[in-house]
Amino acid sequence: MSAIFDEIREAVIDGDEDLAIELAERVIEEKLDLVEAIEKGYISGIEEVGASWKAGEAFLPDVMMAADAMKSGMSLLEAELARTGGEEHEDKGKIVLGTVEGDIHDIGKNIVGALLTAAGFKVYDIGIDQKAEDFIKKADEVGATVLGASSLLTTTMRSQGELIEYLEEKGIRDKYKVIIGGGPTSKKWSEEIKADGWAETADEAVDLCRELLG
Ligand code: B12
């Protein structure tokens, strides 16, 4: 069974989108563990590519192709997770998740979304480059009480603080729990901007939401 997870990992590393999709379809068809496929296949692959880039061994197009392969494959598994896991735990809580304004990185956010969905939360992903207003608009529309903001750039981190300032200005800070994450963020930063929580990894993000919504 683990052979297919290795194949997924390799497909992501090679940036082979068609294969990444085909393998996701096989995982669903063969009723394999969806979370295991995400973690041991797609996440493991993209981590490897990220490390290669950091070490100067991969180029930007390689990273983009790998990200696209991961995204396409994972989107099928996420839909399946929502279909099979969503209903029985639908009372666990609603979370709006997005990448802040000016930032287009979404790999980490997508992983967080996938694991939260797998844990039984209802996740509304508003995508990349999102303003404070966009988070709140979606939360109001669906009745979500947690806002999750991702940032991967030191230049866009401040938008996480601006989201909280916006809530304060509108007098609705108490309506929501704001959690943040992403490469350059830290517990110290989350305390500085008065966020309700920070997580270093997607697993920790799940624990955090359990604490906040439990
Ligand atoms: C992939 C990547 C890209 C891809 C993005 C593809 C995509 N669809 O996301 C592409 C090639 C498009 C890209 C573009 C750019 N990038 Co880039 N990119 C990366 C890279 C290699 C990996 C990031 C990543 O996906 N990591 C893997 C994921 C799993 O980790 P993660 O995001 O941190 O998420 C985890 C946790 O942080 C947490 N988490 C994440 N979000 C959230 C949210 C919540 C609520 C919670 C609780 C937790 C949480 O859980 C996740 C899972 O465990 C990093 C380098 C690196 N090694 O980090 C650079 C990096 C982030 N990029 C960088 C830069 C500079 C750029 C560009 C500006 C480059 C350019 N000159 O054009 C542009 C940005 C354009 C923009 N406006 O956003 C810099 C940022 C430097 C800085 N200090 O600000 C980095 C650090 C590279 C470097 N060393 O210089 N990039």
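Remember, predicted model here, so these are calculated numbers, not experimental data. Atoms within each ligand, like the ligands themselves, are counted from 1 in listed order. Sequential numbering from 1 along the given sequence is applied to the chain's residues.
In terms of protein heavy atoms, atom 82 (C) of ligand 1 is closest to T154 OG1, 3.6 Å. Among protein heavy atoms, atom 22 (C) of ligand 1 sits closest to G50 CA, 4.9 Å. The single protein non-hydrogen atom nearest to atom 44 (C) of ligand 1 is G181 N, 3.6 Å, given as residue, atom name and distance. Protein heavy atom in closest approach to atom 75 (C) of ligand 1: I104 CG1, 3.7 Å. The protein atom (non-hydrogen) at minimum distance from atom 29 (C) of ligand 1 is I111 CD1, 3.6 Å. Shortest contact from atom 91 (N) of ligand 1 to any protein heavy atom: H105 NE2, 2.8 Å. Counting only heavy atoms of the protein, atom 80 (C) of ligand 1 lies nearest to L153 CD2, 3.5 Å. The protein atom (non-hydrogen) at minimum distance from atom 88 (C) of ligand 1 is W53 CZ3, 4.9 Å.
Residue contacts with ligand 1: A149 is included, with a non-hydrogen atom under 4.0 Å away. In this structure, V63 counts as a contact residue of ligand 1, since one of its heavy atoms falls inside 4.0 Å of the ligand. In this structure, L152 counts as a contact residue of ligand 1, since one of its heavy atoms falls inside 4.0 Å of the ligand. For the pair E200 and ligand 1, a heavy-atom separation below 4.0 Å is found.
Distance screen at 4.0 Å: atom 72 (O) of ligand 1 has no protein heavy-atom neighbour inside the cut-off. The presence of a protein heavy atom under 4.0 Å from atom 77 (N) of ligand 1 is confirmed.
For ligand 1, the atoms lying closer than 4.0 Å to a non-hydrogen atom of T201 are 50 (O), 53 (O).
Compare A202, G183, G108 by their heavy atoms: the one nearest to atom 33 (O) of ligand 1 is in G183. In this structure, of I107, I43, L115, the residue bringing a heavy atom nearest to atom 25 (O) of ligand 1 is I107. The option with the heavy atom closest to atom 37 (O) of ligand 1, from among A199, G197, C209, G182, is G182.
Side chains of Y176 and D140: a donor-acceptor N/O pair is present below 3.5 angstrom, by distance only. Using modelled atom types, one finds no donor on one side chain facing an acceptor on the other under 3.5 Å when comparing W198 with E204.
Atom CD1 of I179 sits about 6.5 Å away from atom CG of L212, to the nearest 0.5 Å.
With a 6.0 Å radius and a threshold of 12 heavy atoms from other residues, nucleotides or ligands, M157 has its CE atom above the threshold.
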